[in-house]
Amino acid sequence: MAKLNVSTRYKALTRDLMWDPKDVNIKEIYPLIEAEGIHIRDPKRWEDPFRMTFNQYVKIQSEKEHLHHAIRGAFEANHGHARIVDSRWFEGVKAFAVAVQPAEYAAHRLMAYIGRNIPIEAIRFATFNQAVDELRHAQIEIKHYAHMSRYYDGLHAYSKTNENLWFNTVPKSFFDDALTSGPFEALIAISFSFEYVFTNILFLPFASSAAAVGDEHFASVGKSVQSDESRHMALGMAALKMLLEEDDRNIPIVQRWLDKWFWRCYRVFAVISTLVDYYPRIRAISWKKAFEMYVEDQVLNGLFKDLFKYGIRPPRHFEDSMKEKEHYSHATMRILDHYKHANYFRGFRLQPDDYDWLSREYPNTFERYYAPFFRKMDDHVMAVASPGLPAVCAVCQIPCEYPNPDRPQESWTQYVEYNGKTHMLCSPGCRDIFLAEPEKYMQWWWPAESYLSGEFGSSLEDMFEYFGFTPEEANEHYSSRDYHRWIRYREELGLDKRFETV
Amino acid sequence: MLVWVRVPSDDRFLSHQGVPAHPDMKAQELLDKATQMWGLPEGKTYQLVRLHATGQQPVHLDKTLQENGLRDGDPIDLLG
Ligand SMILES: [Fe+2]
Ligand SMILES: [Fe+2]
């Protein structure tokens, strides 16, 4: 028998694997395929652009794993944690641990949900691979936290923290929102809006920042994860084109999803802006420049020009995200500093080189609107802590304290009346998401109300017990026991010595 | 009930913060509670303003929260 060429071989292994049911109605097996108003005429002509078979997938992924774990082994054996330039970086790693790792696991379930409910083989293979990828991401991240928790605070009970800490309602609500959407919306939400538009800005600057500060292990986590993203992005693009080309009636529905999920994804990345601009003492790039490069140039000014021919316009409120790039990391860091006494990663007192860098990169905004706030911590690191619990946005769940980028002295908080209640939203972007599906978002739960009513106990200690950590693990980094431990590890290893060369 | 109080003049309170309250309490009591709890400068006159979708509405300090039409979860600004 003649040897099959690549595409026929791929086809033979991946296509026509399903049958048409004879005894039951196909809609009973796939009850959601028509629920969203999407029309698909000929799904068989769509292919996974990566044309990857399972044996190829396993081979490539195992190579990545071997490489990553070799780097991990060296980092662990040689006390890599003591060799980075400044231990405040680990507070950013902790933020990543709470926000991103559970999101990876949620993405794994979401991909399985999409594959289960959309009976198109190309989508099934791609979502199956991605579901396994997301598990891998969750696991290599957990491995890192397990190692780090032998030396530093905050990572020892993170399954409890993931479940209960207020901070984590942000990514949890995001993925719960996607998991309760129909399968096509979930596909556009995650594969296109999240993966195609935003993951580059998540993993590339963060991995470069990790490398810049000398955290070889976390740089490898970032690069290894990102190496799967090109496949995920290709799925996002293929899915978008499929929906747009299959039937014109899909176009307004897809536009609505792009509008919603652009802003949803943009907001869920808020803390990433601080992991780029604040936590690394040596920065690879600013949030502003990374946003211009990865989102403005590549997506908004690049990709969306190509989508114009389908009748698709750039997502609603994209101009707001461009205006906010001058403020985003500073306003978000200010929120983290307000609540650092009740969070499991710490804020830190800005150092002279931080002020220099931030003023240089953000000449229009940092000194004028934000530096005075951060300087208040010079005398007392808790000077700017808020003594209460904040109202959060009913959509993104971030405390409502973003400034209006057109008039930065004013708040951007929006108030909406619905069902006998005033709902608060952090921005016009989140307000419009709320207004499109108020029944969904009015059900949100914000633990502050439960904390204040004493549901988790009467004392602060009870609240920390519920979070899974203790008050000593919170507050400010340079005055914390983690910083002192790190200094001692360095002394042990002789890393504090300066050698003179004559 | 819980109301959400913001103090725009103080950068610790750029977001509304939860304050346990009661419909029968006078608005003045709520104001005193917030100013004392958060250590806002004494000897200043403050006022409360309710924020809602179509604008702002002054809160009368001599009336109860209920008489002021305040509901559970309402956002308020403490101005001074
Ligand atoms: Fe992932
Ligand atoms: Fe929001």
Side-chain angles (χ1 to χ4, degrees), chain A residues 166 331 334-335 337-339 341 369-377 382-394 398-403 408-426 431 434-435 438 442 444 446-454, chain B residues 1-25 27 29-42 46-59 65-80:
Chain A
W166 58 273
R334 188 165 64 183
I335 297 175
D337 267 314
H338 276 147
Y339 303 105
H341 53 293
Y369 301 111
Y370 302 98
F373 171 84
F374 292 110
R375 287 210 172 88
K376 286 189 181 169
M377 279 184 278
M382 298 309 287
V384 295
S386 297
L389 293 163
V392 296
C393 173
I398 298 176
C400 287
E401 58 170 85
Y402 283 101
Q409 257 108 358
E410 289 172 22
S411 161
W412 220 8
T413 304
Q414 308 285 310
Y415 305 92
V416 168
E417 178 71 20
Y418 186 76
N419 201 33
K421 192 175 152 82
T422 301
H423 298 267
M424 285 177 261
L425 290 311
C426 73
R431 177 201 60 205
F434 182 92
L435 289 173
M442 64 176 263
W444 64 291
W446 166 229
E449 295 177 29
S450 306
Y451 303 148
L452 288 167
S453 65
Chain B
M1 78 190 265
L2 202 61
V3 289
W4 298 96
V5 180
R6 182 173 66 177
V7 189
S9 59
D10 187 322
D11 62 15
R12 295 173 301 159
F13 301 98
L14 296 173
S15 29
H16 294 275
Q17 320 241 337
V19 180
H22 198 272
D24 298 329
M25 78 199 282
E29 277 178 67
L30 176 69
L31 179 87
D32 293 344
K33 191 173 173 179
T35 46
Q36 278 159 26
M37 198 162 68
W38 295 335
L40 300 178
E42 281 171 37
Y46 294 104
Q47 34 173 320
L48 297 176
V49 174
R50 175 184 162 201
L51 305 159
H52 52 96
T54 48
Q56 302 185 350
Q57 179 193 319
V59 174
L65 301 192
Q66 192 164 26
E67 286 161 355
N68 271 296
L70 282 163
R71 302 163 303 178
D72 186 34
D74 272 347
I76 294 174
D77 264 357
L78 195 161
L79 307 173

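Chain letters run A, B, ... following the sequence lines, proteins first, then strands; residues in each count from 1. Bear in mind that the values here come from a model prediction, so they are computed numbers and not experimental data.
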**Request:** For chain B, find which of A:Ala391, A:Ser411, A:Gly388, A:Pro399 contributes the most heavy-atom pairs closer than 4.5 angstrom.
**Result:** A:Ala391

**Item:** Largest heavy-atom contact set with chain B, pairs under 4.5 Å, which of A:Pro403, A:Gly420, A:Cys426
**Value:** A:Gly420

May I ask you to test the [X]-[Y] pair for a side-chain heavy-atom distance under 4.5 Å?
X	Y	value
A:Arg334	B:Leu14	yes
B:Asp11	A:Lys376	yes
B:Arg6	A:Thr413	yes
A:Cys400	B:His16	no

**Nearest heavy atoms of B:Leu51 and A:Tyr415, plus distance in Å** = CD1-OH, 3.3 Å

**Request:** Grab the two heavy atoms, one from B:Gln17 and one from A:Tyr339, that are nearest each other, plus how far apart they are.
**Result:** NE2-OH, 3.0 Å

**Request:** Would you check if there is a donor-acceptor pair between the side chains of A:Tyr402 and B:Ser15 at a distance under 3.5 Å?
**Result:** no

**Item:** side chain to side chain donor-acceptor pair (under 3.5 Å) partners for A:His423, two or more places apart
**Value:** none

**Message:** Between B:Arg12 (side chain only) and A:Pro387 (backbone N and O only), is there a donor and an acceptor less than 3.5 Å apart?
**Reply:** no

**Request:** Dump the intermediate steps for side chain to side chain contact (heavy atoms under 4.5 Å, CB included) on B:Arg71 and A:Thr422, then the final yes or no.
**Result:** CA-CA 9 Å; B:Arg71 302 163 303 178; A:Thr422 301; 2.9 Å; yes

**Message:** Run the ring pair (Phe, Tyr, Trp, His ring centres under 6.0 Å) test against B:Trp38 and tell me which residues pass, sequence neighbours left out.
**Reply:** B:Phe13

**Message:** Surrounding CD of A:Glu410 (heavy atoms of other residues, nucleotides or ligands, distance under 6.0 Å), is the total greater than 12?
**Reply:** yes

**Item:** Salt-bridge contact B:Asp74-A:Lys421 (side-chain N to carboxylate O under 4.0 Å)
**Value:** no

